[in-house]
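Here the structure comes first, spelled out in structure tokens, and everything after it is commentary.
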Amino acid sequence: MKILIIGGVAGGATAAARLRRLNEQAEIIMFERSGYVSYANCGLPYYIGGSITEEKKLTLQTPMSFKNRFNVDVRVKSEVTAIDPASKTVSVTNLETGETYTESYDKLVLSPGAKAVMPPIPGVKEGNIFTLRTVEDTFKIKEYTVAHQPKSAVVVGGGFIGLEMAENLMELGLKVTLIEQLDQVMSPVDFDMAQEIHAYLRSKGMELLLSSGVTAFEHGEQITVSVKDHDPIACDMVIMAVGVAPDSTLAKDAGLELGVRGGIIVNEYMQTSVPDIYAVGDAVIIKHRVTGKDGLISLAGPANKQGRIAADHICGLGSSFKGAMGSSVIKLFDMTVASTGINEKTAQALGLEYDKVNTFSASHAGYYPGGTNMSVKTIYEPSTGKILGAQIVGFDGVDKRIDVMATAIQAGMTSADLEDLDLAYAPPFSSAKDPVNMAAYVIENLRSGRIKHYHWHDVAKLPRDGSVIMLDVRTPAEYAQGHIEGTLHIPVDELRNRLDELDKSKTIYVNCRSGQRSYYACCILSQLGYDCWNLEGGFRFYEAVTGNPSLEAATIGECGLKL
């Protein structure tokens, strides 16, 4: 059997290695138009910033090592320019010599990846304007920063690559302005969760221009970036990171069926509309595990799985790809942002039945030094408690909690199941009630009717005419630092002795800093016959979304997070 693979990196290189492990006799040839066959895509920004210091650390395999270990004929700087499904051949151009030739196949695996989107902005293709997708792109940026010692940069785009590049350029000492057309960075998380990211990035010195778009680049001694509704910005270099699109030109020209945004349509075995041609990685359309909808997910995890599954099917094994949820995590200086499943925007767009809780939990036991807090937003189905998605913004321990949530979603678990999870605990690592358990406890309290909640966006709609009571149960010091206008202040520890100040005929909307003490207050009041609602996420979250959040929320304070 002769198998050709077009493209390396995660999907193609994984397919090649798996094919060899399953079939020692197959002839396997891999074509890669860049000079690198298998490299750490996700590590590229960190080489530029200096966290990764050795160039060779970026390359996981070389053509020679691939040949020695897997007996795969790897041809770098070789671009496949056409596929002929009828004759089962491909046309190849050697980019170093200009030589062209054809190669036949029995099976073909496409792993073309995605290409950086370059919007048609005047001046975008000139001067010191860079994109980052390949190792060559990385070296080009690195060489420029070393040779020219730039002092300032503009990054266009607030997704993974844009944010990672902004962080790493700042680590080099550059002044960085990040421009994003949306009203938030990190679109996998919702607007409310993104506000904590914005505050943190600004506290680190990054200038954020949100709901802004670049209209032109002018080149001189510096680059002048024209921005809608903002003064022009002068900088030494620009990183364009506005997104990626499937690199599906080869597939389209070969007559393969394409779908949303030009992605290649495949079945569960990664076969295209031509059964002897498989496709994997960023260019293929997959099913979202939660919604069942077609989409594109450009992440290394799914690409690796798809490469393995394509190889399995070629070799007669029954593996199948069941979709992905877009589980992701990013480091932003010391902050960690992670998400899995669907967010609230997606739930609304699809008209799904959902509710949400925002909890604020300690990464480990409050009495053990060094603890930090994390904001957890959990999306769930009210009728069943089934977990649909989660987003976490914090510092320590975020990654392991999002992995638990991802596992729960994939397993179809409910909030009742999460309550019952037996998770590892020791004071340096967690609390006896883990943040995952805590989110489940809140959901189950809501579903059982033991508590009712309202959200940060409901506060503005509450009447200020005295027909309802807005109650703040924090300490006097906390209340003095800032509070929701129109609230009555009674600390929770004084509540039982001051019930005569509350009119039982009126609905009471309670808040505290994190939602915990107001929950205690609602437990007291509701059992005494008051109609009580708890502000989920607390004043801290409300303030973060609507005002200027206090970055003290990063550390364990007097809110009593030893739950």
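Residue numbers count from 1 along this sequence.
- Residues H453 and L446 are in side-chain contact: their nearest non-hydrogen atoms beyond the backbone lie under 4.5 Å apart.
- In this structure, D465 places its CG atom where more than 12 heavy-atom neighbours from other residues, nucleotides or ligands lie under 6.0 Å away.
- For the side chain to side chain contact (heavy atoms under 4.5 Å, CB included) criterion with M240, the lone passing option out of I129, V214, I161, L132 is I129.
- Between the Q391 side chain and the D190 main chain, a donor and an acceptor come within less than 3.5 Å of each other.
- For Y454 and Y509, the ring centers are positioned less than 6.0 Å apart.
- Checked by atom type and distance alone, the side chain of N304 pairs as donor or acceptor with a backbone atom of A300 at under 3.5 Å.
- Residues L210 and V185 have side chains in contact (heavy-atom distance under 4.5 Å, counting atoms from C-beta outward).
- Note that NZ of K228 is 10.0 Å distant from OG1 of T215, once rounded to the nearest 0.5 Å.
- Across all their heavy atoms, V225 and V238 have their closest contact at CG2-CG2, 4.2 Å.
- A salt bridge links D282 with R133; the closest basic N to acidic carboxylate O contact falls under 4.0 Å.
- Under a cut-off of 6.0 angstrom, the local environment of NZ in K293 is sparse, with at most 12 non-hydrogen atoms contributed by other residues, nucleotides or ligands.
- Counting non-hydrogen atoms of neighbouring residues, nucleotides and ligands closer than 6.0 angstrom, the CZ atom of R33 reaches no more than 12 such neighbours.
- Partners of H288 by ring pair (Phe, Tyr, Trp, His ring centres under 6.0 Å), not counting sequence neighbours: none found.
- Salt-bridge formation is not detected for the pair K506/D531: no Lys NZ or Arg NE/NH1/NH2 atom is positioned less than 4.0 Å from an Asp or Glu carboxylate oxygen.
- Using a 4.0 Å cut-off between charged nitrogen and carboxylate oxygen, E167 and K204 do not count as a salt-bridge pair.
- Within 6.0 Å of atom CD in Q271, more than 12 heavy atoms from other residues, nucleotides or ligands are found, so the atom counts as buried in its surroundings.
- A salt bridge links D458 and K461; the closest N-O separation between the charged side-chain nitrogens and carboxylate oxygens is under 4.0 Å.
- Side chains of Q306 and Y278: a donor-acceptor N/O pair is absent below 3.5 angstrom, by distance only.
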Steps toward side chain to side chain donor-acceptor pair (under 3.5 Å) verdict (S375, E196):
CA-CA 9 Å; S375 293; E196 297 194 48; 2.8 Å; yes
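- Side-chain contact between I484 and N511 is present, with heavy atoms from C-beta onward closer than 4.5 Å.
- Taking a cutoff of 4.0 Å between a charged side-chain nitrogen and a carboxylate oxygen, E536 and K377 do not qualify as a salt bridge.
- There is no side-chain donor-acceptor pair under 3.5 Å between T372 and D396.
- Other residues, nucleotides and ligands contribute at most 12 non-hydrogen atoms within 6.0 Å of the OH atom of Y519.
- For NZ of K356, the number of neighbouring non-hydrogen atoms (other residues, nucleotides, ligands) closer than 6.0 Å is greater than 12.
- Between atom CD1 of residue I265 and atom CD1 of residue I286 there is a gap of 13.5 Å, rounded to the nearest 0.5 Å.
- Shown here is F429, whose CZ atom has no more than 12 heavy atoms of other residues, nucleotides or ligands within 6.0 Å.
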